[in-house]
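Just so it is clear, the structure is predicted and the values come from calculations on it, not from any experiment. We name chains A, B, ... by the order of the sequence lines, and we start the count at 1 in each one. Heavy-atom basis, side chains included; hydrogens, waters and symmetry copies ignored.
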There are 2 protein chains.
Amino acid sequence: MSSVLHHPPAGVARDLIAARGGRATRTRIAVIEALQACAHPMSHDELGAALDAAGVAHDRVTLYRALEWLVGQGIATRIAGGERAWRFELRGDDSHRHAHFHCERCGQIVCLEDVAVTSAPPLPAGFELDRSELVLHGACADCGRQREGRR
Amino acid sequence: MSSVLHHPPAGVARDLIAARGGRATRTRIAVIEALQACAHPMSHDELGAALDAAGVAHDRVTLYRALEWLVGQGIATRIAGGERAWRFELRGDDSHRHAHFHCERCGQIVCLEDVAVTSAPPLPAGFELDRSELVLHGACADCGRQREGRR
DNA sequence: CTGTTAATGCTACTATGTTGCATCAATCAA
DNA sequence: TTGATTGATGCAACATAGTAGCATTAACAG
């Protein structure tokens, strides 16, 4: 379930970081590798667990700041979608932005590689578009099959 | 600036509530009226200020619960988009779902009535779509004109 | 190896949202 | 109009997500 890299590796974590003039610290490296190894955007919590599993000691705040830096450098992106915590994923080619699916039963966020995000919507005059975010809400395949009334 | 009702009134607040078998309390009525009078989706904070301004006493928790009920009844919808607080707007006709614009400078969320949300994207097998959310991020007309580097 | 300074790891704090429970008041029936 | 019923409120306490300040540590250039 985690053998699929859904984003191009685009070089080793260390190089990605060094190319931006940042320091290749264990936290940043571990975060990038965790994101590469995971098929869906990860929350802070998930990332924290992944670092623990990888034996990488880390502080909650450090993780926040590492992610902040990765996003600021364009290495990762934040997704709002689900509940009120950010999710993060590595940022692939800009030309290949995809939508996300939020399962309202299990809370999981899934990448919809096939659903492209319309890149040029008709904006009112004066508005400048930076990026678009398309999130579909519903029940994922696993949750959809075992039907329940309540979320 | 607040004379435009961007959603069809669809009857008075009391009737909207009574039609769902709920009690027409001052909080719910005031929330609906505040949402009707405002041209953009409102946060809890904004709603709280609006109730204060209207002289409607309210508890923070009561407001959360009123909104929760309105959303559950399909009278209002929640939007994730901006920073990590929900925004709320009255739910118009289902056939006329629109996108939202999040200004990363002033934090405001604006309704893009002209940008329709694609209703039938190609979902993987087993997935059930409930609703779609399209949020565009960038700078709004006001902020875009006074250019600044930092968000 | 050493110095510089970017990152880290505390501690504390803010913002956002939730739970439990006693009290109040919207609605209904008489 | 007057209760009785019970949905909604208000309060206190808690939970989760994220941020700020600052002393300490460790990347990396030399």
Side-chain angles (χ1 to χ4, degrees), chain A residues 12-32 41-49 51-52 54-73 75-76 78-88 104 107 109 150-151, chain B residues 12-32 41-49 51-52 54-73 75-76 78-88 104 107 109 150-151:
Chain A
V12 190
R14 299 194 75 92
D15 300 337
L16 261 180
I17 298 171
R20 262 71 170 203
R23 289 183 181 177
T25 65
R26 64 183 193 286
T27 310
R28 289 179 182 171
I29 294 172
V31 166
I32 292 177
M42 299 173 82
S43 62
H44 274 103
D45 251 19
E46 287 178 299
L47 251 344
L51 294 215
D52 284 342
V56 178
H58 67 284
D59 181 73
R60 218 166 54 90
V61 179
T62 302
L63 183 48
Y64 278 110
R65 289 197 271 230
L67 258 340
E68 190 178 56
W69 184 84
L70 291 174
V71 170
Q73 295 301 316
I75 296 175
R78 295 201 300 187
I79 299 149
E83 304 310 327
R84 67 194 190 302
W86 296 112
R87 303 286 183 128
F88 297 84
E104 295 183 322
I109 301 246
R150 304 279 304 132
R151 71 178 277 260
Chain B
V12 191
R14 300 194 74 92
D15 299 337
L16 261 181
I17 298 170
R20 262 68 170 205
R23 288 184 182 177
T25 65
R26 65 183 193 286
T27 310
R28 290 180 182 169
I29 293 172
V31 166
I32 292 177
M42 300 174 82
S43 63
H44 276 276
D45 250 19
E46 286 176 300
L47 250 344
L51 294 216
D52 284 342
V56 177
H58 66 286
D59 181 72
R60 218 166 53 90
V61 179
T62 302
L63 182 50
Y64 278 111
R65 288 198 272 232
L67 257 342
E68 190 179 54
W69 185 85
L70 291 174
V71 170
Q73 296 300 316
I75 296 174
R78 296 200 299 186
I79 299 149
E83 305 308 327
R84 69 196 189 299
W86 296 114
R87 303 285 183 128
F88 297 84
E104 296 184 322
I109 299 246
R150 301 281 302 131
R151 69 176 279 260

How many whole angstroms separate atom [atom1] of [X] from atom [atom2] of [N]?
X: B/Leu67; N: D/dT9; atom1: CG; atom2: P; value: 11 Å
X: B/Asp15; N: C/dT27; atom1: CG; atom2: P; value: 11 Å
X: B/Asp45; N: C/dT14; atom1: CG; atom2: C1'; value: 12 Å
X: B/Ile29; N: D/dT9; atom1: CD1; atom2: P; value: 10 Å
X: B/Tyr64; N: D/dC14; atom1: OH; atom2: P; value: 18 Å
X: B/Glu68; N: C/dT16; atom1: CD; atom2: C1'; value: 14 Å
X: B/Leu63; N: D/dC11; atom1: CG; atom2: C1'; value: 15 Å
X: A/Asp59; N: D/dG21; atom1: CG; atom2: C1'; value: 14 Å

Please name the pair of heavy atoms, one in [X] and one in [Y], separated by the smallest distance, quoted to 0.1 Å.
X: A/Ile17; Y: A/Arg23; value: CG2-O, 3.5 Å
X: B/Arg28; Y: B/Ala66; value: CG-CB, 4.2 Å
X: A/Pro41; Y: A/Ile109; value: CD-O, 3.6 Å
X: A/Thr27; Y: A/Leu51; value: CG2-CD1, 4.1 Å
X: B/His44; Y: B/Leu63; value: O-CD2, 3.6 Å

* Asked: Of the nucleotides D/dC28, D/dC11, D/dA17, which has the atom closest to the A/Arg84 side chain?
  ->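 Of all the options, the side chain of A/Arg84 is nearest to D/dA17.
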Counting the atoms with a prime plus P, OP1 and OP2 as sugar-phosphate, which does [X] contact under 4.0 Å by heavy atoms, base, sugar-phosphate, or nothing?
X: A/Arg28; result: sugar-phosphate
X: B/Ala24; result: sugar-phosphate
X: A/Arg60; result: base

[N], OP1 or OP2 - any side-chain N/O from [X] closer than 4.0 Å?
X: A/Arg87; N: D/dA17; value: no
X: B/Trp86; N: C/dG17; value: yes
X: A/Thr62; N: C/dG9; value: yes
X: B/Thr25; N: D/dG7; value: no
X: A/His58; N: C/dT8; value: no
X: B/Thr27; N: D/dA8; value: no

* Earlier contact from the 5' end, DNA chain C, for A/Ala66 and B/His44 ->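 This one resolves to A/Ala66.
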* On DNA chain D, nearest-nucleotide positions of A/Arg26 versus A/Val61: which is more 5'? ->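 Its nucleotide being nearer the 5' end, the pick is A/Val61.
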Please evaluate the base of [N] for a donor-acceptor partner in the side chain of [X] within a cut-off of under 3.5 Å?
X: A/Arg78; N: D/dG18; result: no
X: B/Arg23; N: D/dG7; result: yes
X: B/Arg65; N: D/dA8; result: no

* **Cation over ring face, A/Arg84 and B/Trp86, 6.0 Å, 45°** =>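 Negative - A/Arg84 is either too far from the ring of B/Trp86 or too far off its axis.
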